[in-house]
2 protein chains.
Amino acid sequence: MYNALFDHVNRFTNLDEDEQVILASMLKTASYKKKAFLHEAGAICRENYFVVKGCLRLYFIDIKGAEQTTQFAIENWWISDLTSFLFQSQSDFYIQAAEETEVIVVERHLYDHIFEQLPGMEKYFRLIYQKLHQASQIRIKYLYSQTAEERYTNFNSAFPAFVQRVPQYMLASYLGFTPEFLSKIRAKK
Amino acid sequence: MYNALFDHVNRFTNLDEDEQVILASMLKTASYKKKAFLHEAGAICRENYFVVKGCLRLYFIDIKGAEQTTQFAIENWWISDLTSFLFQSQSDFYIQAAEETEVIVVERHLYDHIFEQLPGMEKYFRLIYQKLHQASQIRIKYLYSQTAEERYTNFNSAFPAFVQRVPQYMLASYLGFTPEFLSKIRAKK
DNA sequence: GGAAAATCTTAATGTAGATTAAGAAAGCAG
DNA sequence: CTGCTTTCTTAATCTACATTAAGATTTTCC
């Protein structure tokens, strides 16, 4: 049931069978159809999601009504609106399934208990947040240094399978430009 | 000598005196004049910096030769090029003192030892990276949703002291536009 | 204190990507 | 299979900010 997460944790630190039983008692699992919402703007984000299978995206609606995707999470990634999750504040973000998705869920009220009962999980999550922060540093550098076309070209080279996997309008919004402009870029190839 | 960091750690988790002695043996301290480089592009970033006093910035030079500031760190913040630091890869970033600065330094070769000898530091760094990732999520949302003028106005309202503290060209580069445009925005007030 | 360097300001001109509008193609549901 | 919805494409026009250029002001250093 939670093997995907246990396997992932065991890549970074050791979680024995007793600990897995304890952790399992603090998790739940859920499945979502494509385009289903795990969380909606205006609500408080009470859950942190680990993707077992599928793809989630974090996006908000800007002042002009356009969707701006700020993050994707595919298998073995975590995603939530972290500020809302940690501080139980109202969220501006949506979390939506970009395709049929299975997740393992950590609820906010159990999040701190995980660390109390399983101190080893501190290392796992330190490494996860380290990785997420790394990814953000790189992301911001690309946003600042590359044209829209370069961002598409480089992303396509680095993650060709992912580009095939999600709709183009989601990809465009993640890379920071309009779907119309993405069509224009692609028409040049 | 390292009290600023011990105090900071003790805000999040408990570090007793024995542990402080152990941690101290793995740290060093340094001071930099305004505009001094702690790290330069092309080198490998071998240090992670905790700001005791002052302000550091992380920036790169883009293809047109302009500086793009991606992060600042003031008192009680950590800063490094995390990918270069963790993987010992060549860095595109500079870390520079935006003003006279004192730091506490963790060197890469001691980084993992800190966690081995002081498991309690896992929690501290998990919380630090959590906070850094939160800040990045918020940062990316602002870059996507606000005009340049809005970014300046909101940043000025949120951090008026900081805006006075750093040169305007650094602020403009952090907020994602040219110093000329910042002058134009300010001239409207 | 004076000269040089760094920073800030101003304005005209240029441009990467957005906006607007609408048709074509693909996907979905009954 | 058909009608409806969603996604993708195309192109003209617009715009937020960049670029270029240079002068004014402030800061730094000897």
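If you're wondering where the values come from, they're calculated on a predicted model, not measured in any experiment. In what follows, chains are A, B, ... by sequence order, proteins preceding strands, each numbered from 1.
The shortest heavy-atom contact between A:Gln137 and B:Phe93 is O-CZ, 4.5 Å. Considering every non-hydrogen atom in both B:Thr69 and A:Tyr144, the closest pair reads O-CE2, 3.6 Å. Scanning all heavy atoms of the two residues, the minimum distance from B:Ile79 to B:Ala73 falls at CB-CB, 3.7 Å.
Side chains of A:Glu116 and A:His113: a donor-acceptor N/O pair is present below 3.5 angstrom, by distance only.
Between A:Lys28 and A:Glu47 there is a salt bridge, since at least one side-chain N of the basic residue sits less than 4.0 Å from a carboxylate O of the acidic one. Using a cut-off of 4.0 Å between Lys/Arg side-chain N and Asp/Glu carboxylate O, A:Arg57 and A:Glu67 are scored as salt-bridged. The pair B:Lys53-B:Glu100 does not count as a salt bridge, with every side-chain nitrogen at least 4.0 angstrom from each carboxylate oxygen.
Checked by atom type and distance alone, the side chain of A:Gln146 never pairs as donor or acceptor with a backbone atom of A:Leu143 at under 3.5 Å. Of the possible donor and acceptor atoms, none in the side chain of A:Ser136 sits under 3.5 Å from a partner among the backbone N and O of A:Gln134. The backbone N or O of A:Pro160 lies less than 3.5 Å from no partner atom in the side chain of A:Arg165, so there is not a single donor-acceptor pair.
Taking the screw axis at each terminus of the helix from C:dG1-D:dC30 to C:dG30-D:dC1 from five consecutive base pairs, the angle between the two is 60° to within rounding of 10 degrees.
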Are there any protein N/O atoms within less than 3.5 Å of an N/O atom in nucleotides 6-9 of chain C, and if so, which ones and at what distance?
from, atom 1, to, atom 2, distance (Å)
C:dT7, OP1, B:Lys35, NZ, 2.9
C:dT7, OP1, B:Tyr169, OH, 3.2
C:dC8, OP1, B:Gln168, N, 3.0
C:dC8, OP2, B:Gln168, N, 3.4
C:dC8, OP2, B:Tyr169, N, 3.1
C:dT9, OP2, B:Gln168, OE1, 3.0
C:dT9, OP2, B:Ser183, OG, 2.9

Report all interatomic pairs (protein N or O, nucleotide N or O of nucleotides 12-18 of chain C) with separations under 3.5 Å.
from, atom 1, to, atom 2, distance (Å)
C:dG17, OP1, A:Ala148, N, 2.8
C:dA18, OP2, A:Thr178, N, 3.2
C:dA18, OP2, A:Thr178, OG1, 3.2

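With rounding to whole Å, B:Lys188 atom NZ is found 14 Å from C:dT10 atom C1'. Per the geometry, CD1 belonging to A:Ile185 stands 16 Å off C1' belonging to D:dA11, to the nearest Å.
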